[in-house]
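This report concerns only the one structure given below.
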Protein chains: 4
Amino acid sequence: MQSNTRPAARTIGRDGPSFIEVARRAQIVECAIDTIAAVGYAQASLTQIADRAGISKSVISYHFAGKDELIQQVIADVSAAGQAMMWPRVQAETTSAGMLRAYIHSHLDFMRTHPKHVTAVTEILTHYRAQADDTAATPLEERLRQGQRDGEFREFSPRVMAWTIRAAIDEVGRRFVANPDLDLDECAAELTALFALSTQAHQ
Amino acid sequence: MQSNTRPAARTIGRDGPSFIEVARRAQIVECAIDTIAAVGYAQASLTQIADRAGISKSVISYHFAGKDELIQQVIADVSAAGQAMMWPRVQAETTSAGMLRAYIHSHLDFMRTHPKHVTAVTEILTHYRAQADDTAATPLEERLRQGQRDGEFREFSPRVMAWTIRAAIDEVGRRFVANPDLDLDECAAELTALFALSTQAHQ
Amino acid sequence: MQSNTRPAARTIGRDGPSFIEVARRAQIVECAIDTIAAVGYAQASLTQIADRAGISKSVISYHFAGKDELIQQVIADVSAAGQAMMWPRVQAETTSAGMLRAYIHSHLDFMRTHPKHVTAVTEILTHYRAQADDTAATPLEERLRQGQRDGEFREFSPRVMAWTIRAAIDEVGRRFVANPDLDLDECAAELTALFALSTQAHQ
Amino acid sequence: MQSNTRPAARTIGRDGPSFIEVARRAQIVECAIDTIAAVGYAQASLTQIADRAGISKSVISYHFAGKDELIQQVIADVSAAGQAMMWPRVQAETTSAGMLRAYIHSHLDFMRTHPKHVTAVTEILTHYRAQADDTAATPLEERLRQGQRDGEFREFSPRVMAWTIRAAIDEVGRRFVANPDLDLDECAAELTALFALSTQAHQ
DNA sequence: CATGAATGAGCGTTCATTCAT
DNA sequence: GATGAATGAACGCTCATTCAT
């Protein structure tokens with residue numbers, strides 16, 4: 001916010017946000033995630049988030065330009081973590097069917113390890129979706145299209161298929177958040193079989 | 001305030017909501033649907049709804065215990081209308097595969113004919129937390145189970161399959177609301193094929 | 001705000017704000033005047049005004065679109081009262097010198113009878129002036145110009161003269177507010193003489 | 001915090017503000033003037049002032065007891081600079097009429113050479129409540145009184161005349177701030193003529 | 001000396017709800 | 001039955017001030 005020219009930074013860089021600044025922002029983001037996951041996006045006011053963090057409401061305003069920036073940071077952080085965990089597994093696959101299986105499994109694994117993060121982002125995106133563009137092709141859609149070009153997948157609308165896959169995963173996420181006893185392994189297996197059958201080319 | 005024991009109902013001695021009461025509630029629910037569909041749930045304050053209905057804000061409070069009850073009634077009314085339009089078509093089918101096709105098509109037909117209602121309920125469900133019990137089996141799940149018993153469907157988790165079907169349909173609904181040019185016929189065909197392949201027993 | 005179609009209005013018109021509405025608005029405007037006069041524009045928050053009125057802060061929001069509308073109404077009300085009291089006396093004069101004398105005296109008389117109103121409007125205009133246009137000619141400036149055309153006034157810049165007259169009157173207003181014992185009659189006589197001498201044509 | 005009794009001042013044993021202390025305060029005051037002139041008093045928060053000065057916000061709190069003291073210092077510094085520039089010219093005059101002319105011209109010259117300072121102080125005085133005592137006679141009033149004793153000026157209330165002169169000059173200042181194209185020379189000539197006519201003894 | 005971090009009070013505004021008529 | 005009026009809590013946000021380092 002202000003340009004912090006700190007006298008002797010710990011390691012390399014000279015400028016940039018201080019250690020404590022980074023930590024504080026991360027802490028606040030985590031609290032925002034907890035709060036949104038716990039009470040839902042609509043009820044997650046700055047007061048609620050601050051209370052849960054045990055800090056004053058204005059601390060958030062100090063570290064973030066506004067609520068919007070905080071929410072965007074939540075999305076950015078969770079997305080980055082998710083991408084880091086999921087895409088390597090997806091990329092490692094050589095077949096489209098394997099890719100699809102890896103996509104589903106890695107998403108559900110991420111849910112298992114970061115349930116609150118997934119809940120929070122789902123809440124946010126659900127509320128923001130209204131004004132989102134949604135017309136652009138997602139990476140998943142592109143992968144499906146590739147599978148069709150390779151002849152591995154049958155002919156179908158990649159867009160509708162991608163919507164359905166995402167919707168199915170998100171739905172399982174919601175169910176898992178509502179009921180932590182849900183067997184994610186079973187769900188992953190079910191969804192994998194479901195979409196394998198619905199995408200594979202006729203033999 | 002919720003149970004109005006009014007002095008002299010229109011017909012018999014039996015107490016209960018009067019004619020005008022029922023009509024008023026229905027009118028308000030319709031206005032709520034219009035308003036939510038038009039401006040979104042977040043902007044649909046009681047003031048907005050009342051203004052759009054040309055009535056005073058307090059008349060809503062008079063006929064409904066609170067905003068929550070109104071919203072629940074919106075969901076109930078739209079659900080009832082949807083059930084009335086969709087289930088006969090589903091029931092008329094003799095095969096499980098036909099049932100599934102009818103389920104998908106009738107849902108998407110309802111979207112086409114009642115876009116505002118679908119928009120409103122989608123908005124509401126988006127902004128309300130999913131506090132449903134969700135552990136009970138839905139009628140759809142029961143139908144899927146029946147298809148398995150008949151040997152028409154392969155073995156799969158009827159629950160996960162039902163979740164996915166509903167999620168896919170709702171997702172199409174959201175997309176249709178965001179983009180009215182969406183080709184619902186194509187979507188219906190795509191989803192029908194998708195779930196036919198993923199449910200059918202191996203030949 | 002809402003269109004009040006009241007069943008039987010008291011007198012003529014059908015539509016329009018109700019009696020109590022008008023009274024409430026007037027009361028709130030009066031309280032705003034009191035508050036601004038007492039604590040200054042910068043400190044006159046809605047909370048202060050509401051507290052002084054013994055009402056809830058939201059009552060103001062109910063009767064006015066926002067703080068801006070309230071402030072504008074203060075200006076409008078005071079201006080209307082001032083115009084009604086002052087311009088007839090100014091118009092009644094047949095000479096420009098008489099007009100100027102009447103202008104000064106009537107302004108100071110208005111201050112005597114409405115000290116808080118004058119203070120409040122002075123406060124407001126002082127804070128709003130920054131972004132005001134101020135390039136248009138005021139009625140006073142036009143009158144001065146007329147006096148020059150008639151040969152009754154000497155040659156001077158009507159604009160600077162008008163500025164000075166207004167500034168002198170406002171200054172006396174400020175002094176009177178700060179010190180209610182100030183002899184307004186003497187001030188009026190002094191200013192009258194001052195501007196008579198400074199405007200009159202050489203004999 | 002206000003009276004810093006520092007262990008070893010630079011020169012003598014006498015305590016008092018150090019060199020750097022004085023310089024820092026002066027720098028901050030200048031930045032405050034720049035900021036207020038640029039963005040207006042209402043937007044001139046300590047954050048804005050500190051950012052513009054390239055210093056931390058707390059350094060202001062360190063050198064000044066609070067925002068009030070800073071603002072008062074702005075007024076004091078600008079007043080001192082104005083006095084230094086203006087009074088010698090006023091003192092140099094031998095006649096009261098000359099004094100009055102010099103008073104007006106030197107004030108308007110100060111505006112021309114120090115527009116930011118005048119803007120800032122004008123902004124401050126506009127937004128601060130006039131809590132001055134105002135009962136004491138100003139030097140200008142004394143000079144007017146002297147002119148009367150000398151028979152050079154006619155009989156009038158020196159107090160009201162002094163008020164008017166100051167108000168006229170300040171008004172021109174406000175107009176000049178709002179419109180830098182304003183012809184200050186013309187204004188000076190107009191005001192000089194105006195007050196010469198209104199003060200001079202009858203010939 | 002200097003500062004990044006944190007705080008609490010206050011701002012104008014929105015809104016579901018309540019109540020006397 | 002219906003309503004205009006009023007309320008209080010909560011919202012996101014700003015800002016002067018405080019404090020440990």
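These values consider heavy atoms only, across backbone and side chains, with no hydrogens, waters or symmetry-generated copies. Proteins come first, then strands; the chains are lettered A, B, ... in the order of their sequence lines, and each starts at number 1.
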- prompt: Which nucleotide sits closest to the side chain of D/Lys67: F/dT17, E/dG12, F/dG8?
  reply: F/dT17

task: Look at the side chain of A/Ser58 and decide which nucleotide, out of E/dT7, F/dT17, F/dG8, has an atom nearest to it.
output: E/dT7

For [N], does either OP1 or OP2 sit under 4.0 Å from a side-chain N or O belonging to [X]?
X       : N      : value
A/His63 : E/dG4  : no
D/Arg24 : E/dA2  : yes
C/Ser61 : F/dA6  : no
A/Tyr62 : E/dA6  : no
A/Thr47 : F/dC11 : yes
A/Ser45 : F/dC11 : yes

task: Not counting sequence neighbours, list each pair that qualifies as a salt bridge (Lys or Arg N to Asp or Glu O under 4.0 Å) and has a residue in residues 50-62 of chain A.
output: none

Without placing hydrogens or testing angles, list every side-chain donor-acceptor pair under 3.5 Å for residues 30-43 of chain D, not counting sequence neighbours.
residue	atom	partner	partner atom	Å
D/Asp34	OD1	D/Lys116	NZ	2.9
D/Thr35	OG1	D/Cys31	O	2.7

- prompt: For B/Asp68 and C/Lys57, take the nucleotide of DNA chain E holding the closest heavy atom to each; which residue's nucleotide lies nearer the 5' end?
  reply: C/Lys57

statement: Residues at least two apart in sequence or cross-chain that pass side chain to side chain donor-acceptor pair (under 3.5 Å) with C/Ser79, listed by chain then number, are none

field: Bend angle of the helix from E/dA2-F/dT21 to E/dT21-F/dA2, from helix axes over five pairs at each end, nearest 10°
entry: 30°

Report the distance from atom [atom1] of [X] to atom [atom2] of [N], rounded to the nearest whole Å.
X       : N      : atom1 : atom2 : value
C/Ile60 : E/dC11 : CD1   : C1'   : 13 Å
C/Gln27 : F/dA6  : CD    : C1'   : 12 Å
A/Ile55 : E/dG4  : CD1   : P     : 19 Å
B/Phe64 : F/dA2  : CZ    : C1'   : 15 Å
A/Ile49 : F/dG12 : CD1   : C1'   : 11 Å
B/Gln48 : E/dT14 : CD    : P     : 11 Å
A/Asp51 : E/dT7  : CG    : P     : 12 Å
B/Glu21 : F/dG1  : CD    : P     : 7 Å

message: Please check this pair: side chain of A/Gln27 against backbone of A/Ala23, looking for a donor-acceptor N/O pair closer than 3.5 Å.
response: no

message: Could you work out, with ring pair (Phe, Tyr, Trp, His ring centres under 6.0 Å) as the rule, every residue matching D/His63, not counting sequence neighbours?
response: none

- prompt: Can you list, by residue number, the residues of residues 35-43 of chain B that have a non-hydrogen atom closer than 4.0 angstrom to DNA chain F?
  reply: none

field: salt bridge (charged side-chain N to carboxylate O under 4.0 Å, His left out) partners of B/Asp77, counting only residues at least two apart
entry: none

statement: For A/Arg24, the salt bridge (charged side-chain N to carboxylate O under 4.0 Å, His left out) test, sequence neighbours excluded, returns none

task: Please name the pair of heavy atoms, one in C/Leu46 and one in C/Ile60, separated by the smallest distance, quoted to 0.1 Å.
output: O-CD1, 3.8 Å

query: Going by heavy atoms in the side chains, are B/Leu70 and B/Ile49 under 4.5 Å from each other?
result: yes

message: Distance criterion of 3.5 Å, no angle test: do you see the side chain of A/Ser18 paired donor-to-acceptor with the base of E/dG4?
response: no

field: Residue whose closest nucleotide on DNA chain F lies nearer the 5' end, A/Leu46 versus C/Gly54
entry: C/Gly54

query: Quick one: side-chain contact (heavy atoms from CB on, under 4.5 Å) partners of A/Ser58, sequence neighbours excluded?
result: A/Ser56

